[in-house]
Structures are given as structure tokens and as C-alpha cells.
Novice: 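Below are the C-alpha cells for one structure; questions will follow.
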Amino acid sequence: MRFTTAALRTGTMAILAALVGVVCALVWANLAVLPSYVVQADGHALIGDDSLAEAFSANFWFSVLAVLGGVAIGIACWIMLRQLGWPVALITAGLSLLAGGTCWVVGELIGPGQFEQRMAAAQPGESVRMALELTTPSALALWVFAAIAVPLFAASLGPDLSPGEEPQQRRRPRDEPDALSDDAFAPTSSLEG
């Protein structure tokens, strides 16, 4: 694969990775269950014990989407860039970080907004949802692990390619006998006497 082709495909994959991140952010913002604080008459806020357990929903859904989005990026990278050889793993890692970072930033932007500002403006009796935040940034590693797994498994299970070599058909011509068929062991001439 020529450098210009590889650069063009990598640029296309970067745009695709950013789009995957945006779509995952939209899904993340809609799936995450955000607990709410209720503002009391004296100005302090309370949250129920059952709602407190929902605080981990944002991290859970981000992690699920990280695995799915990472696998999608890994498959796309393997299809588009497998002729590059080992650099496809590095490119895949970078693109998955781009998608994960995009999902994180866009998700927090489209979430309900800054919790402190909304809490300060809340009236007594009003319910204020927590902000959509990723409290475990290590979940970004899931994007990378899921994405890298695809080209690593595909490379280890697929045919061995030299750089720039396309996979070849594994079919034999119809008139050529199979090495294990009975036709391969048929005598070429008879020695009857």
C-alpha cells in the first residue's frame, strides 16, 4: 500500500472514529440513569439510598459503549488498513482513543450540564439531576483494548501477508485433483503384462 493511500484511509478512519464517538455519546446520554437530589426548604439537598446506586450508571454505560465502539473501530481499521502490517495496531489504538475522547467530551456537553450551577439555581422542592460525568477515566482503556483485539486476533488467525500483498484465493482449478482425493492416487499408466 502506498503512503498516500494509507494516509487517505487513515484520515477517513479518523473521521469515522469521531462519528462513532459522537453516536456513542448520544446513546450514553440517553441510557445513563442519573440520580437526582431534592432541594429542601432549608437549602440543603438530599438523595435517596436507591438513587445513590444509580450514580454508577454513567460509568457502566460508557464502558459498554467503549467495548462496542472499540470493536467497530477495530473491524473498520482491519478492513481498511490491514495491508500496512503491524502499524495497523498503533493506528487502531490512536483512533479508538479519538473515539473514546470524543464520546466523553460530547456526552458531558449534551448531558444536563454543570451540577453545581443547577444546584445553586434550584428552588426548595425542586429535583436536580447529577451531571453526566465519567468518574473512572480508566474506562477509556476499554476503547483501546476492544479495538486492538480485533486486528490482533484477525492477524493471528488469518493468512500470513507480506506488506503490500493482497490475500490470494485458496481455490484450486477444477481439473486439478485434490491432494487427498482418490484421483491423486490413480495410476498414470498401467503395467499389465
Novice: How long is the gap from CG on L157 to CG on L152, to the nearest 0.5 Å?
Specialist: 10.5 Å

Novice: State yes or no: do L68 and L95 share one hydrophobic cluster built from I, L, V, M, F, W and Y residues joined by side-chain heavy-atom distances below 4.5 Å, directly or via other members?
Specialist: yes

Novice: Work out which heavy atom in A146 is nearest to a heavy atom in A66; give both atom names and the distance.
Specialist: CB-O, 4.2 Å

Novice: Would L84 and W78 show up in the same hydrophobic cluster when neighbours are defined by side-chain heavy atoms closer than 4.5 Å?
Specialist: yes

Novice: Of the non-hydrogen atoms in A18 and T102, which two are nearest, and what is the gap between them?
Specialist: O-CG2, 3.6 Å

Novice: Go through L81 and I91 one step at a time and tell me if the side-chain contact (heavy atoms from CB on, under 4.5 Å) criterion holds.
Specialist: CA-CA 9 Å; L81 302 170; I91 294 169; 3.7 Å; yes

Novice: Can you find a heavy atom in the side chain of C24 that is under 4.5 Å from one in the side chain of W143?
Specialist: yes

Novice: Using a 4.5 Å cut-off on heavy atoms from C-beta on, say whether the side chain of L134 contacts that of W28.
Specialist: yes

Novice: To the nearest 0.5 Å, what is the distance between CD1 on I110 and CG on L132?
Specialist: 7.5 Å

Novice: What distance do I15 atom CD1 and L19 atom CG have between them, rounded to the nearest 0.5 Å?
Specialist: 7.5 Å

Novice: Answer yes if V67 and F62 sit in the same cluster of Ile, Leu, Val, Met, Phe, Trp and Tyr residues linked by side chain heavy atoms under 4.5 Å apart, and no otherwise.
Specialist: no

Novice: Of V27, V20, V23, which is the lone residue that meets side chain to side chain contact (heavy atoms under 4.5 Å, CB included) with L65?
Specialist: V27

Novice: Which pair of non-hydrogen atoms, one from V88 and one from P151, has the smallest distance, and what is that distance?
Specialist: CG1-CB, 4.3 Å

Novice: Given the rule that I, L, V, M, F, W and Y join up when any side-chain heavy atoms are under 4.5 Å apart, are L31 and L34 in one cluster?
Specialist: yes

Novice: Measuring only between side-chain heavy atoms, which start at C-beta, is W104 closer than 4.5 Å to P137?
Specialist: yes

Novice: Would you find a donor on one side and an acceptor on the other, under 3.5 Å apart, between the side chain of R9 and the backbone of M80?
Specialist: yes

Novice: Mind checking the OG1-CZ spacing from T136 to F60? Nearest 0.5 Å is all I need.
Specialist: 12.5 Å

Novice: Are V64 and L97 grouped together when hydrophobic residues (ILVMFWY) are joined by side-chain heavy atoms under 4.5 angstrom apart?
Specialist: no

Novice: Distance-only criterion, 3.5 Å: show the donor-acceptor pairs between side-chain atoms of residues 70-77 and protein atoms not counting sequence neighbours.
Specialist:
none

Novice: Shortest non-hydrogen contact from T92 to I148?
Specialist: CG2-N, 4.2 Å

Novice: Let me confirm one number: the CG-OG distance from N59 to S138, rounded to the nearest 0.5 Å.
Specialist: 8.5 Å

